[in-house]
Each structure stands twice: as structure tokens, then as C-alpha cells.
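Heads up: the structure comes next, in C-alpha cells.
In what follows, every chain begins at residue 1, and chains take the letters A, B, ... in the order their sequences are listed.
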There are 2 protein chains.
Amino acid sequence: MAVYTISQVAEKYHMRPSTLRYYEDLGLLYNVPRQGGHRVYTDALLNRLGAICCYKNAGMSLEELQEFFHYTESQEDVAKTVALLDEVDTRIQHQIAELQANYLQIQRKKHYFAAIQTALAQGQPKPDWADFCNQQYV
Amino acid sequence: MAVYTISQVAEKYHMRPSTLRYYEDLGLLYNVPRQGGHRVYTDALLNRLGAICCYKNAGMSLEELQEFFHYTESQEDVAKTVALLDEVDTRIQHQIAELQANYLQIQRKKHYFAAIQTALAQGQPKPDWADFCNQQYV
DNA sequence: ATAACGCTTCAAGCTAACTTGAAGTCAAGG
DNA sequence: CCTTGACTTCAAGTTAGCTTGAAGCGTTAT
């Protein structure tokens with residue numbers, strides 16, 4: 001069971017060492033062992049950090065994460081934990097749906113500008129956006 | 001062709017009037033006509049605002065949007081516009097993939113905590129997270 | 001005509017989430 | 001022994017993206 005230095009963890013999770021210290025200040029990571037005064041991260045801590053990143057990515061604030069971990073740690077109020085997870089669940093589904101709609105829109109724009117590029121290169125008149133989709137604004 | 005007041009637009013797009021004024025200050029929305037000193041939003045402006053929300057949602061900063069619109073308006077550097085759109089494209093794809101992975105993780109957690117809840121209600125021992133998936137941390 | 005209401009501008013203020021700086025500690029290498 | 005380099009703490013600073021406050025204007029209702 002390997003352990004990691006703060007900068008190794010930071011690199012692995014694409015964040016700065018200062019961010020890890022900050023999360024520790026907030027109580028999101030705790031009981032981080034030290035060796036010669038230096039933080040040492042265990043697999044359990046890495047897993048927890050992975051969870052933090054997951055929730056954060058789903059749109060939870062660090063404050064909500066504090067609340068969440070408070071519930072799960074205290075082993076009281078499992079119902080609240082489940083409710084919070086449900087909240088994250090619907091939030092993430094909405095996000096995915098919205099992003100997919102946005103993705104289609106971006107595709108249309110890309111094709112439109114690519115067509116403009118081609119037309120310019122061939123000295124032809126620029127295509128009209130309305131030809132690509134019904135009066136969508138650039 | 002209908003026009004809207006600032007508060008109507010704000011409501012329609014789930015933002016505050018102050019945000020619309022702020023975007024105008026940044027130059028993202030411009031040439032907004034006035035009637036008796038009050039802003040009046042046309043369909044073209046609403047479409048533009050829709051585009052702004054789309055790009056923003058895709059993870060572009062307002063600064064990048066300024067750059068983007070600078071290119072598209074000036075009609076120079078279509079290549080840069082296409083490059084920026086490509087950037088947004090890959091960004092949005094990564095986001096969707098990551099969110100979907102996160103979604104699965106959240107589902108596992110939900111089932112785990114729901115099982116705990118059931119077990120508690122029936123006075124049974126709590127299930128172990130390891131039974132649900134391989135040693136993933138809560 | 002006078003009050004209410006929804007807007008206007010402009011500058012200043014706010015919040016979340018980090019990031020940076022100063023001053024100091026620890027273990028390893030020369 | 002002394003230096004180097006990666007860490008430590010703690011307080012203060014930064015950034016993006018708004019939001020608020022103060023003072024004032026223009027149209028409508030009483």
C-alpha cells in the first residue's frame with residue numbers, strides 16, 4: 001500500500017498542493033498522517049479525494065461537500081445523505097442533457113464557419129447561417 | 001417581431017437584469033436599442049444571448065467569449081473562430097464523458113446509502129461498501 | 001401634480017475557490 | 001557542518017463573475 005507526497009497527489013489529480021492544504025483546512029480531507037512534519041497521503045485519502053472531485057464536478061459547492069461529509073461521517077441522518085445524493089443525481093442529469101444540446105449547437109456553428117472558410121478560400125460568396133438551421137444566431 | 005424588457009429577458013434566461021447589463025458592459029451584447037432610455041431586446045439579441053449561454057455552459061470564460069465574438073464580428077480570421085470552436089468542441093466532449101463517469105459513481109453511492117437506510121430500518125447490520133464495488137471510498 | 005414603478009448609470013462591494021508570500025522546519029547530499 | 005529543496009503554517013492577496021447601492025429619469029395611475 002503506497003503513500004504519496006502532497007505534490008505527487010496534486011499532480012495525479014491535476015491540482016495544486018495549496019488546494020490540497022485548502023481542502024484540509026475546510027475539513028474535507030482530515031487525519032492526513034505526517035512523516036517528519038510532511039503530509040503523507042494514503043490510498044484511503046486518495047479515494048476520498050476522488051469522491052470530492054466527483055461531487056465537485058457534478059456541481060456541488062465545497063460547502064455542500066462539508067455538509068455531505070458531516071452527515072456520512074456522523075452516521076446519523078442517512079436520509080439526508082440520500083437526499084443530497086438525489087439532488088446531485090438530478091443536477092448531473094440536467095447538466096448532461098444541457099451539455100448534449102449545447103454540443104449539437106456547437107457542431108452546427110463549426111460546420112457553418114468551416115463552410116465560410118471554404119467559400120472564402122474559393123472566392124465564393126459566404127453561405128448564410130439560415131441555410132444551416134432556421135435563423136439561429138451566431 | 002416582439003421585443004422584451006430587460007427583466008423579461010432576465011426571467012426567460014434565468015439570470016438577473018444586472019447580469020444582462022454586465023454582459024453589455026463587457027461588449028458581449030451591444031447595440032441594444034433603447035425606448036425612453038430603457039433597453040429593448042430584439043429576437044436577434046435573444047439569439048445572441050442564447051449563444052453566449054451555450055458557450056458559457058460549455059466552459060468558455062467571458063474573456064474567451066469576447067475573443068470569440070471579436071473574431072466573428074470582424075469577419076477576419078475565420079480560421080481562429082473555427083479553432084476556438086474546435087477547442088469548445090473537445091472541451092464539451094470531455095465534460096460529457098467525465099459527467100457520465102461521475103453519474104455512475106453517484107448511482108453506486110445512492111444505492112449504497114439506500115441499502116444502509118433499509119438495513120437500519122430493519123435493525124440489520126449495515127452493508128459494506130466493498131460489497132457494492134471494489135473498495136471505492138465514500 | 002404627485003407618487004409609484006421600473007428602469008437608468010456608475011462605482012463599489014461581494015463570494016467562492018483558490019493562490020501567494022513570508023518565515024521557518026526537516027532530511028539528504030557534498 | 002552547511003546547503004539545497006521540498007515541505008510546513010498562517011495570513012493576506014487574487015480572480016471571475018456577478019450584485020448592490022445611490023442618485024436620478026420617464027411613463028403611467030391616483
Side-chain angles (χ1 to χ4, degrees), chain A residues 2-42 45-46 48-70 87-88 91 95, chain B residues 2-42 45-46 48-70 87-88 91 95:
Chain A
V3 293
Y4 309 85
T5 67
I6 195 168
S7 50
Q8 286 170 335
V9 176
E11 186 175 4
K12 203 173 159 88
Y13 284 81
H14 312 105
M15 43 176 67
R16 305 279 192 89
S18 64
T19 309
L20 289 167
R21 285 189 277 261
Y22 174 61
Y23 284 0
E24 204 173 328
D25 287 347
L26 293 183
L28 296 180
L29 291 171
Y30 53 84
N31 289 345
V32 181
R34 316 285 163 128
Q35 279 175 11
H38 289 201
R39 286 171 181 82
V40 156
Y41 292 84
T42 60
L45 282 166
L46 291 201
R48 186 182 188 95
L49 181 56
I52 290 170
C53 293
C54 172
Y55 294 134
K56 210 169 81 69
N57 198 36
M60 286 179 90
S61 69
L62 299 183
E63 200 178 355
E64 283 173 309
L65 285 183
Q66 288 178 319
E67 188 191 358
F68 180 80
F69 285 125
H70 172 73
E87 164 67 25
V88 180
R91 220 183 273 187
Q95 270 190 76
Chain B
V3 293
Y4 308 85
T5 67
I6 195 167
S7 50
Q8 285 170 335
V9 176
E11 187 174 6
K12 203 173 159 88
Y13 285 80
H14 312 104
M15 43 175 68
R16 305 278 192 91
S18 63
T19 309
L20 288 168
R21 284 190 277 260
Y22 174 61
Y23 284 0
E24 203 173 326
D25 287 347
L26 294 183
L28 296 180
L29 291 171
Y30 53 83
N31 289 345
V32 182
R34 315 285 162 128
Q35 279 175 11
H38 290 200
R39 286 171 181 81
V40 156
Y41 292 84
T42 61
L45 282 166
L46 292 202
R48 186 182 188 95
L49 181 56
I52 290 170
C53 293
C54 172
Y55 294 134
K56 209 169 82 70
N57 198 37
M60 286 179 88
S61 68
L62 299 184
E63 201 178 353
E64 283 174 308
L65 285 183
Q66 288 178 319
E67 187 191 358
F68 179 80
F69 286 124
H70 172 72
E87 165 67 24
V88 180
R91 220 183 273 187
Q95 270 190 78

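Phosphate proximity of C:dC7 to B:S7: present, with a side-chain N or O under 4.0 Å from OP1 or OP2. Between B:R16 and C:dC7 there is no side-chain N or O to OP1 or OP2 distance below 4.0 Å.
Going from atom CD1 of B:I52 over to atom P of D:dC18 covers 11 Å, rounded to whole Å. Between B:M15 atom CE and D:dG17 atom C1' there is a gap of 11 Å when expressed in whole angstrom units. Atom P of nucleotide C:dA16 and atom CD of A:E67 are separated by 14 Å, given to the nearest angstrom. In this structure, the CD atom of A:E11 is 16 Å from the C1' atom of D:dC7, given to the nearest Å. Spacing between atom NZ of A:K56 and atom P of C:dA17 amounts to 7 Å, rounded to whole angstrom units. Straight-line distance from the OH atom of A:Y4 to the P atom of D:dC7: 15 Å, rounded to whole Å. In this entry the distance linking CD1 of A:I6 with C1' of D:dG5 reads 15 Å, nearest Å. If you measure from atom CG of B:L28 to atom P of D:dC18, you get 10 Å, rounded to the nearest angstrom.
Side-chain contact between A:L49 and A:Y13 is present, with at least one heavy-atom pair separated by less than 4.5 Å. Within the 4.5 Å cutoff, side-chain heavy atoms of B:L46 are placed close to those of B:K12. With a 4.5 Å cut-off on side-chain heavy atoms, A:Y4 and A:V40 do not count as touching. Contact of the A:V9 side chain with the A:I6 side chain is not registered, since no non-hydrogen atoms from C-beta on lie closer than 4.5 Å.
Residues satisfying the side-chain contact (heavy atoms from CB on, under 4.5 Å) test with A:Q66, not counting sequence neighbours, are A:L26, A:L28, A:E63. A:E64 pairs by the salt bridge (Lys or Arg N to Asp or Glu O under 4.0 Å) definition with A:R91, not counting sequence neighbours. Every residue two or more places apart in sequence or in another chain was checked for a side chain to side chain donor-acceptor pair (under 3.5 Å) with B:R16, and none qualifies. Partners of B:V88 under the side-chain contact (heavy atoms from CB on, under 4.5 Å) rule, at least two apart in sequence or in another chain, are A:I106, B:A58, B:M60. Residues satisfying the side chain to side chain donor-acceptor pair (under 3.5 Å) criterion with A:S7, sequence neighbours excluded, are A:T5.
Residues from residues 18-25 of chain A with heavy atoms under 4.0 angstrom of DNA chain C, sorted by number: A:S18, A:T19, A:Y22, A:Y23.
Remark on the helix from C:dA1-D:dT30 to C:dG30-D:dC1: inter-end axis angle 10°, axes from five-pair C1' superpositions, rounded to 10°.
Closest approach to the A:E63 side chain among D:dT9, C:dA16, D:dG17 is made by C:dA16 (side chain taken as heavy atoms from C-beta onward). The listed nucleotides are C:dC7, D:dG17, C:dC18; the one nearest the side chain of A:L62 is C:dC18.
The two residues B:V3 and B:Q8 have their closest heavy-atom pair at O-OE1, 4.3 Å. What you find for A:T42 and A:P33 is that their closest heavy atoms are CG2-CG, 4.2 Å.
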Any chance you could list the contact pattern along nucleotides 21-30 of chain D? Use B for base contacts, S for sugar-phosphate-only contacts and - for none, protein heavy atoms under 4.0 Å, 5' to 3'. -----S----
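Within the structure, side chain to side chain donor-acceptor pair (under 3.5 Å) pairs that include any residue of residues 17-26 of chain B comprise B:E24-B:R34, B:E24-B:R39 (at least two apart or interchain).
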